[in-house]
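Since the structure is predicted, the reported quantities are computational estimates derived from the model, not experimental observations.
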Amino acid sequence: MAAAVTSSRPYHIIIFGATGFTGQFVVEEVARCAAESPDGSRLKWAVAGRSRQRLGEVLTKAAERLSMPELRTDIEIIVADVSIEESLAIMCQQGLVILNCVGPYRFFGEPVVKACVENGAHYLDICGEPQFLERMQLEYHTKALDKGVYVIGSCGFDSIPADLGILYTQRQFKGTLTAVEGFLNITSGPAGSSGHDATWQSAVHGFADSGSLRQLRKKFGQKPLPVVGAKVKKRGFVFFSKEMEQYAIPFMGSDPSVVRRTQRHLYEEDHQSPVQYTAYVGIGGPFSVMKLFCGGLLFWFMVKFSLGRKLLTTFPSFFSFGLFTKSGPTMKQIEDTCFSLTFFGEGYSEGTDPAQGRPNTKICTQVIGAEPGYVATVSAIVQAALTLLNELHSLPRRGGVYTPGAAFHKTSLIERLQNHSIKFSVKSYD
């Protein structure tokens, strides 16, 4: 381990929110990675949260599932609560990297970011909420830079596959890549797939407050990125995708926001040509379109009112047609679910001036992985943390608030992910 722990800061990684649905999977992944590391560079880690008893139960469960009885006794428990500033400070003073698994981040994220910046711990999360991510950049980038702290959001399925997938596509393209369309497809077994209630809550409150995001972006005072080559035409709200052979809609998650911020960073800091990016997700056949239309209308109406939001968050399974539940997916659902994110890119071959004529070269790449929410997400944030610990010298400047692509574009994170549940490849362009 390149980053060394000390007597005053004894842990490489602290998992905050380890008792949460996703946090429990992060605990198991960190335990596996720690067991893989050579004894001379053993990864030292701890778990943190509000309840010592529940944290102990999480470690006991992980010990049984992984056949690692030592987890019950060897892993330190730190009691910390987002509502108690002193407890967060004490936690952050003990670790090099804090993995924040406590959401929704719009409600619980900022105290952890603030504590990390003030107490010298690097911060990673699995947030898919653009408003939180962009507000942290606006309010904490200079502070983090001054403190030498890295704050890197969206290090899960939101949005490492998309953000690093675009970087991978740029590297594989022979010439100047100018535009990419991304198509997400999630497949599951007979039991179907589902997400946990916390993700649903984030979506409900995010859509309800979408106007604030537009106001927030005005505060950056940024000029639009230059459009290189032909401008990409956005597709309709619902359309039949020949690429996916099913109906698709624009992807409503954080990926477009994160990719855009990464492309801005690479353009302004490294003078790279920015890539236009549009994201879509497959929804299935005509029946799925009708269900989405009816459910979407109801959702958009209800999020506008406090009573509607209360009903949406109280009965997630009913209003999401079973896509989100308070109990989360079963292990069988997780095991039988996987994702593919396919990128169709275009640009100009080497030696061709992008200002002259239409794009003349195409490329197709793909990122595939296991279940996105609780396998790919977990692999992504843990490998991001290990990359930060081992390749700190390759990150931009000496600190600040960054997207995964901006932070890790000069590191081996893509190669690490290739060995841990997320694969990047070039496909034939039909």
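Other residues, nucleotides and ligands contribute at most 12 non-hydrogen atoms within 6.0 Å of the NZ atom of K410. Environment of CZ in F299: crowded, with over 12 heavy atoms of neighbouring residues, nucleotides or ligands closer than 6.0 Å. In K423, the NZ atom is crowded: over 12 heavy atoms of neighbouring residues, nucleotides or ligands sit closer than 6.0 Å. By the 6.0 Å contact criterion, CE on M331 is enclosed, its count of non-hydrogen atoms from other residues, nucleotides or ligands being greater than 12. Residue-environment remark: CD (E70) exceeds the threshold of 12 foreign heavy atoms within 6.0 Å.
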S412/E391 under side chain to side chain donor-acceptor pair (under 3.5 Å): CA gap, chis, key distance, verdict: CA-CA 8 Å; S412 65; E391 302 177 48; 2.4 Å; yes
Working for side-chain contact (heavy atoms from CB on, under 4.5 Å), residues V180 and Q276: CA-CA 6 Å; V180 175; Q276 303 170 68; over 6 Å; no
Chi angles and distances behind the side chain to side chain donor-acceptor pair (under 3.5 Å) call for Q201, D197: CA-CA 6 Å; Q201 287 189 43; D197 175 50; 2.7 Å; yes
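A salt bridge between R264 and E268 is present, with a side-chain N of the basic residue lying under 4.0 Å from a carboxylate O of the acidic one.
If you check the side chains of S425 and Q366, you find no donor sitting under 3.5 Å from an acceptor. A side-chain donor from one of Q137 and R261 sits under 3.5 Å from a side-chain acceptor of the other. Between S193 and Q333, the side chains place no donor N or O within less than 3.5 Å of an acceptor N or O (distance only, hydrogens not considered). Checked by atom type, the side-chain pair E57/Q53 shows a donor-acceptor distance below 3.5 Å. Side-chain atoms of D255 and S159 include a donor-acceptor pair closer than 3.5 Å.
The cationic group of K291 lies under 6.0 Å from the six-membered ring centre of F321 and within 45° of the ring axis, placing it in a cation-pi geometry.
Y150 pairs with exactly one of V401, L392, V117 by the side-chain contact (heavy atoms from CB on, under 4.5 Å) rule, that one being L392.
Relative orientation of the H265 and Y402 rings is perpendicular, given thresholds of 30° and 60° on the angle between their planes.
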